[in-house]
Amino acid sequence: MITDLKKYIESTSNYFQEKFSATPTLVAYAPGRINIIGEHTDYNLGLSMPSAINRWVIVCLRPRPDQLISIISQNYHDKMEYTIGEAYVPSHSWQKYTYGSITIFGNQFKLDKGFDAVIWGNVPIGSGVSSSAAMEVALMNALRAAYTADIDDLALVKLCQRVEHEYLKVNSGLLDQYASQFSREGKLMILDFNQLSSEYVEADMKDWAWILTDSKVKRELAGSKYSERVQETANALEEIKSKNPNVQGFRDITAADLELVTDPVQQKRIRHLILENQRVLDAAEALRQMNFEELGKLLTASHVSLRDDYEVSCPELDFLVDTALQLPYCAGSRMMGGGFGGCTISLVRKDSVQKFNTFMTEEYIREYDIITEINNYQLVDGAGSYTC
Ligand code: GLA
């Protein structure tokens, strides 16, 4: 296990001891994720290329003899407490994720006893690296272990997705939860949402590094815009299906079907989807061939498509991408994650990362008076749990 993760688990465990005057009996953890390419493809049953990063949510838990559930968020210094079966109204968003996860799990597996738990995390919130998925996945792993529930990893991440749908009212796909559960150290995944399967590719970047630049724009309204996109592509698919009997689902759509979509906006959304899926395949090939210049071009093309066709970018993200692309040692750049804020991902020469950081920081302050945060994450294993 990575030293940092061990250290964080130790301090969360100490905090548990302090608060509950007993040691936790089990620990679960789940990482945030980056996504190299393949954005807004998951709920359209397309392709993506994510990996988990060295930022985690950790849950330390100890079963109780009674029916009480008592959970402390170490980050928010907040506590939620209720008896199993009793209606609880979550106030803060960490409570919504927590209560949603426990309720959805509890509807499937009987919770005969309660528990004490502490949740801690260092996945940046609202930056597009899936802090919420990390929270759901960590909790579900903890619950699976605590109640020895017979549920496999795929079914588990689908339960997590239901938390988003039912408790946060965002109809998101499976990208974040899948990446948080299934990633492997030093690898990228080529994830096929139609098959719900993944292939691992070596992420040996040689002289290059993935750099994340945070716009610090939090994704307000993102939920409704996101669900709007989900609806738009679903409507377009229905229209194509009604006009072309060869099309049964998203993955049967080809460029020739574009003209079957009457609404020009929906047509653009589908164009993004078709081309983005192809870019994931091309990016996988570029990676295998270690053709990083080509990989960079695919990244930038993805951004243009997300900006113009899918319309999920924002001025700050566009500025960060344009600024990065001015630099000769940046091969490509794009917005990452759901959009409307969050961060960009850029492919930068390792020996120039420092220069990149300085330039991006200065330019962003000059334009928006915002101090960005720049990160170069490690690619790590997905979620896990163990008893202590
Ligand atoms: C958010 C959602 C994911 C995915 C991405 C865009 O992170 O939670 O399901 O749709 O946006 O690729």
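Counting begins at 1 with the first residue of the sequence. Every heavy atom of this structure was used, including side-chain atoms; hydrogens, water molecules and symmetry mates were not. Every number for a ligand or one of its atoms is a count from 1 in the order of the listing.
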Q | Heteroatom proximity flag, Tyr226 to ligand 1, N/O under 3.5 Å | A | yes
Q: Indicate, as side chain, backbone, both or neither, the part of Arg33 found under 4.0 angstrom from ligand 1 when only non-hydrogen atoms are considered.
A: side chain
Q. What about Asp176: any of its N or O atoms under 3.5 Å from an N or O on ligand 1?
A. yes
Q) Do Lys79 and Glu81 sit within salt-bridge range, that is, some charged N less than 4.0 Å from a carboxylate O? A) yes
Q. Mind checking whether Tyr76 and Trp94 have parallel, tilted or perpendicular rings, split at 30° and 60°?
A. parallel
Q.
For Lys268, is there an ion pair with Asp263 - N to carboxylate O distance below 4.0 angstrom?
A. no
**Q.** Salt-bridge present (Arg184, Asp381; N to O < 4.0 Å)
**A.** no
Q. Stepwise, does the ring pair (Phe, Tyr, Trp, His ring centres under 6.0 Å) test hold for Tyr167 with Tyr97?
A. CA-CA 7 Å; Tyr167 286 83; Tyr97 288 106; 9.7 Å; no
Q. Any nitrogen or oxygen of Leu175, main chain or side chain, under 3.5 Å from a nitrogen or oxygen of ligand 1?
A. no
**Q.** Arg64/Asp116 salt bridge by N-O under 4.0 Å criterion
**A.** yes
Q.
Between ligand 1 and Asp42, is the shortest N or O to N or O distance under 3.5 Å?
A. yes
Q. At a 4.0 Å threshold, what atoms of ligand 1 neighbour a non-hydrogen atom of Gly337?
A. 6 (C), 11 (O)
**Q.** Cationic N near anionic O, under 4.0 Å, Lys216 to Glu316
**A.** no
Q.
Polar contacts were defined as any N/O atom of the residue lying under 3.5 Å from an N/O atom of the ligand; does this apply to Tyr43 and ligand 1?
A. no
Q) Are any of the N or O atoms of Glu39 closer than 3.5 Å to those of ligand 1? A) yes
Q | Ligand-side contact atoms (ligand 1) for residue partner Gly173, heavy atom cut-off under 4.0 Å | A | 9 (O)
